[in-house]
Amino acid sequence: MIQSSSAAHAKDYFTGALVKADYYLSDQDQEYSGRLQGKLAERIGITGSVTQDTFFALCENVNPVTGGTLTPRTKEERTTGYDINFHCPKSVSILHVLSNDTHIRDAFEEAVRLTMLDMEADSRTRVRKKGANNERDTSELIWADFIHQTARPVGDHLPDPHLHAHCFVFNATWDKDEKQMKAVQFRDIKRDMPYYQARFHKRLSDQLIEQGYQIRRTGKSFEIEGVPEPVIDLFSKRTDEIGRVAKEKGITDAKELSELGARTRAKKQKGHSMADLKADWRRQIEELGSTGKGKRIIRFAPAKEKQDFTPEHCVDHAIQHDFERASVMHDRRLLATAYRHSIGHVDVSLDTITDRLEADERLIQVEEKGRMLCTTRQVLAEEQQMVRLARLGQGKLKPLYTKAPALKLDGQQADAVRHVLTSPHRVSIIRGAAGSGKTTLMHEAIEKIKQAGKRVTVVAPSSQASRGVLREEGFENAQTVAQLLADETMQQNLAGQVLWVDEAGLLGTQDMTCLLALANQKNARLILGGDTRQHASVVRGDALRIINTVGGIQTAEVSKIYRQKDEAYRHAVEDLAKGDMKNAFGKLDMMGSIQEIDPLQPNDTLVEDYVAAVRQGKSALVISPTHQQSEVVTEAIREKLKTSGLLGKKEIKASRLANMNLTEAQKCDWRNFQSGQIIQFNQNLPGIKRGSVWIVESSSENGIFIQNDEQQSIALPLHKSRDYDVYQKRDIHLSKGDQVRITRNGFDQDKKRLNNGQLLDVVKVSKHGEIVLRNSQSKAAYRLSQDYGHLVHAYCLTSHASQGKTVDEVFISQPASTFPGTDAKQFYVSVSRGRYQARIYTDDKAQLLDFALRDGDRKSALELVGQTEELVHQHIRNTLSRTSASKAVPNVRPKASPTKDRDYGPRL
């Protein structure tokens, strides 16, 4: 969905793209003219074929029939409308253009039409009369649709087959209450594009199955069985061209990619007939030879034996998948996941999935600002249990010191230490801003705790934070939270003692609950150090923030910054730590830290500045909100380092295992596996050794079969999805001088431990494939083989990966393409990594601020249901007595009570 911000832009788009996309065809083949559709078109009386005069009139906000103004306000720079693109999978496009009839195009057009009707039904307008400030349903739109059969040609090539549609929706609707045309509120429709896309893919795939084709689901949509991958690749020239240019320029945003497509259009070619094109396409396929052969494409194939696949399966998958990493989800995101899971199963319809989700008694649904937000009874129960455990020890312990002893520290740090030493509570929180000297505070507090006769166990959520950072800073026995929760000896040693968790903001609900339960069981004190303004856990639940805000566990605040040595820079970071984004942004701008860049050359200035800092012997780090941009910047930096002589001339190619980051639900679905993927196990299982690496041989409804180096083949145990990770094998080029990051805990060839997130320098590569790495601080050396797999270049990290790192200068790549990954947490973490300077590179300073103002907090289930402290306790009591949760939750869509014998999570 791509915005057209002016009438001139929309008219140029019409003449240059919409009506001429197939201009290389001869006139007799231009059979698909644009059509005006929608209830508003019917109201005006302009349905049917679209003409230039009609389209231009609508662009100018003029009623084509009366000549009067369409909506009350007409400005030169106004949103004229949105171009909504529908694309067929490549195999569908190939079969369409090589078919002798229009059955595939008819199915495509019907899927497009029904999906546009979905959007029309959801259309709304703003209501501002008489002091109102809300929105009203209108359910009337007007759009012009254009069906195209081919992609833009690349160079001197003839165009590839590509069946797609452009539906240009004009910015007008009918307000039946005010009896007038008004502008459309497009925000919600744009937000829900994944939902509409899933419905479109489901409709199209179902119709193709009904027509006798077999389909297979892919990473983004689906393909028709029997069309070979080499043929699909053959007819992806235009996609490959845009992808290549986009990669060179660091463009990943959908709008920018579309604009790039417009800028890279081929020059007009002489018209060709469709017969000419079909002949050329067949020639290209034949020239592939045997590589183009696949299974025979069969229409009306014998029906397969039906699998036991129901709407319940789809909803179960959506709930398991979406709530693994979030406590609250928009209902349409859940539906999009469920719809997508049903692709390939024509007996499961969109409506039955929608009805099943709405009736699912596991869900609690709350309407908020015009949309339905969901959580589950299990998630709510987990959060309630966590809050209850956090509050159990309030005021129950004798303070370590009746009166705080003399301290070496002063100010906020001293106050925080006194808070811990004199607290009668089992749980204490120290919220320390980035660079506020939390490590110094920890040393002082732990020394005094030991003097009081207590033993302190120090843990952190990640191996890099515990075995890396903490151990390097003097906490020799620091361990991970996971190790503590698995080690009974460590747990026994906690009895009556103190447990200190660093970086506690990275804890999810389940781990936090386990730590709270362990502290209560062992009568131990639990000290949680972290920063709720930095990134939270990848898994569900912003646990530290919840037990502070909802649970009422007070914090000792340490906001004075010590990391930043430049005063103006430090003041900006202090504002970020307080949540004052506008002031911080203004200070950074005044300092010249925010640099505007050319969107077509977004990385040039950054790369030059980074290399200059490296040449000066400074420690430096580049950060970007998204993985895609990080990879683009990394490639640009390495190229510059090579040409500058800062990398060795000898380069070897090593393997890199890219984690697909599948959820547990995705790892249980055979359709997400492909031959050649890598499986690595985290636990010992029957016939499988922990840490062993296997390759996927095959994947079908009959199971996923994997093979190890000894040619042993077994079925992947899908019911143990927590015990393995799925990787895609890629290449990484390494030279002496490269910086790399370890991406999984492991050991080198000498059995030296490597921690996930560890940054190392490449000091040697050999033609035999050996790689020697060194820690720049400890000087420890490590030897790896080129097939180790778990390492990436470390020139540009995401803000998540950078959390906990400190360097002299930080460079932040933040073009508009990264704005979907931009929020206050990301901006704060990124900017606060440097000691002396932070530089932000963007092509849209104003929009960057808008996105950075988003708080980035994930709503908790407790916050969703809007419970006060008393309602929390009341609901806990109700749950204990097995009363239906829906009776205790206000403003919640009524649901049937769960059956007593069904497990909905922990009982309180």
Side-chain angles (χ1 to χ4, degrees), residues 382 385-401 420-430 442-443 445-471 473-530 537 539 541 543-544 547 551 553 682-685 690-691 722-723 745 747 753 755-756 906-908:
E382 286 176 358
Q385 183 182 27
M386 180 179 70
V387 168
R388 182 182 70 87
L389 288 170
R391 295 182 59 83
L392 272 180
Q394 293 297 93
K396 298 294 179 66
L397 300 183
K398 181 181 178 181
L400 295 172
Y401 291 87
V420 169
L421 298 179
T422 61
S423 173
H425 308 312
R426 186 180 308 284
V427 181
S428 301
I429 300 176
I430 299 176
M442 280 180 67
H443 277 294
I446 289 174
E447 179 185 335
K448 299 303 179 185
I449 292 171
K450 289 179 178 178
Q451 290 176 7
K454 297 293 184 180
R455 196 168 50 247
V456 182
T457 298
V458 178
V459 297
S462 69
S463 56
Q464 172 61 10
S466 58
R467 302 182 184 118
V469 176
L470 285 174
R471 290 189 181 181
E473 292 176 342
F475 303 97
E476 298 87 358
N477 298 315
Q479 282 287 358
T480 62
V481 169
Q483 179 66 30
L484 170 65
L485 296 178
D487 192 322
E488 292 186 8
T489 302
M490 283 185 68
Q491 295 174 21
Q492 293 299 330
N493 290 336
L494 281 179
Q497 306 303 319
V498 178
L499 173 62
W500 192 302
V501 184
D502 193 35
E503 296 286 358
L506 293 174
L507 289 171
T509 303
Q510 293 184 342
D511 280 349
M512 180 69 84
T513 300
C514 289
L515 291 175
L516 290 164
L518 182 61
N520 278 287
Q521 179 187 356
K522 301 300 181 184
N523 194 32
R525 293 175 183 271
L526 178 60
I527 302 170
L528 302 168
S537 62
V539 295
L544 186 64
I547 65 172
I553 306 300
N682 308 315
Q683 301 294 334
N684 291 319
L685 296 172
R690 177 182 177 182
R722 291 187 180 184
D723 296 336
N745 295 335
F747 298 89
R753 186 175 187 88
N755 296 315
N756 184 18
R907 297 299 181 194
L908 305 187

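Listed here is the closest heavy atom pair of Tyr401 and Ala452: OH-N, 3.5 Å. Here the closest heavy-atom approach between residue Pro461 and residue Leu507 is recorded as CG-CD2, 3.9 Å. Here the closest non-hydrogen pair linking Ala543 and Gly508 is CB-O, 3.7 Å. Nearest heavy-atom pair, Gly541 versus Ser537, reported as atom, atom and distance to 0.1 Å: O-OG, 3.1 Å. Between Arg722 and Asn682, the shortest heavy-atom distance links the atoms O-ND2, 3.8 Å.
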Show the numbers, then the answer: is there a side-chain contact (heavy atoms from CB on, under 4.5 Å) between Val459 and Leu470? CA-CA 9 Å; Val459 297; Leu470 285 174; over 6 Å; no
Assess whether side-chain contact (heavy atoms from CB on, under 4.5 Å) is satisfied between Val427 and Leu389, documenting all intermediate values. CA-CA 10 Å; Val427 181; Leu389 288 170; over 6 Å; no
Quiz: residues 475-483 side-chain donor-acceptor pairs under 3.5 angstrom, not counting sequence neighbours:
from: Gln479; atom 1: OE1; to: Arg467; atom 2: NE; distance (Å): 3.4
from: Gln479; atom 1: OE1; to: Arg467; atom 2: NH2; distance (Å): 3.4
from: Thr480; atom 1: OG1; to: Gln483; atom 2: N; distance (Å): 3.0
from: Gln483; atom 1: NE2; to: Asp487; atom 2: OD2; distance (Å): 3.4

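Between atom CZ of residue Arg391 and atom NZ of residue Lys396 there is a gap of 10.5 Å, rounded to the nearest 0.5 Å. If you take CD on Gln491 and CD on Gln521, they are separated by 7.5 Å, rounding to the nearest 0.5 Å. Residue Met512 holds its CE atom at 7.0 Å from CG of Leu526, rounded to the nearest 0.5 Å. For the atom pair CG (Leu494) and OG1 (Thr489), the distance works out to 11.5 Å, reported to the nearest 0.5 Å. Interatomic distance, Asp723 CG to Leu685 CG, rounded to the nearest 0.5 Å: 5.0 Å. In this structure, CG on Leu518 lies 11.5 Å from CG on Asp511, to the nearest 0.5 angstrom.
Residues Gln464 and Asn756 form no side-chain contact, since every pair of their non-hydrogen atoms from C-beta on lies 4.5 Å or further apart. Side-chain contact between Arg525 and Leu400 is present, with at least one heavy-atom pair separated by less than 4.5 Å. Using a 4.5 Å heavy-atom threshold, the side chains of Ile547 and Leu528 count as touching. Between Ile553 and Gln394 the shortest side-chain heavy-atom distance falls below 4.5 Å. Looking at heavy atoms from C-beta onward, Arg426 lies out of side-chain contact with Leu392 at the 4.5 angstrom threshold. Here the side chains of Val539 and Gln510 are not in contact, with every heavy-atom distance at 4.5 Å or above. Inter-residue side-chain proximity for Val469 and Glu503 is flagged as unmet; no heavy-atom pair is nearer than 4.5 Å. With contacts defined as side-chain heavy-atom distances shorter than 4.5 Å, the pair Glu382/Thr513 does not qualify.
Scanning for ring pair (Phe, Tyr, Trp, His ring centres under 6.0 Å) contacts around His425 gives an empty result, with sequence neighbours left out. With sequence neighbours left out, the salt bridge (Lys or Arg N to Asp or Glu O under 4.0 Å) criterion links Glu447 to Lys408.
A donor-acceptor pair under 3.5 Å is absent between the side-chain atoms of Lys454 and the main chain of Ile446, judged by distance alone.
Atom CZ of Arg753 has more than 12 heavy atoms from other residues, nucleotides or ligands within 6.0 Å.
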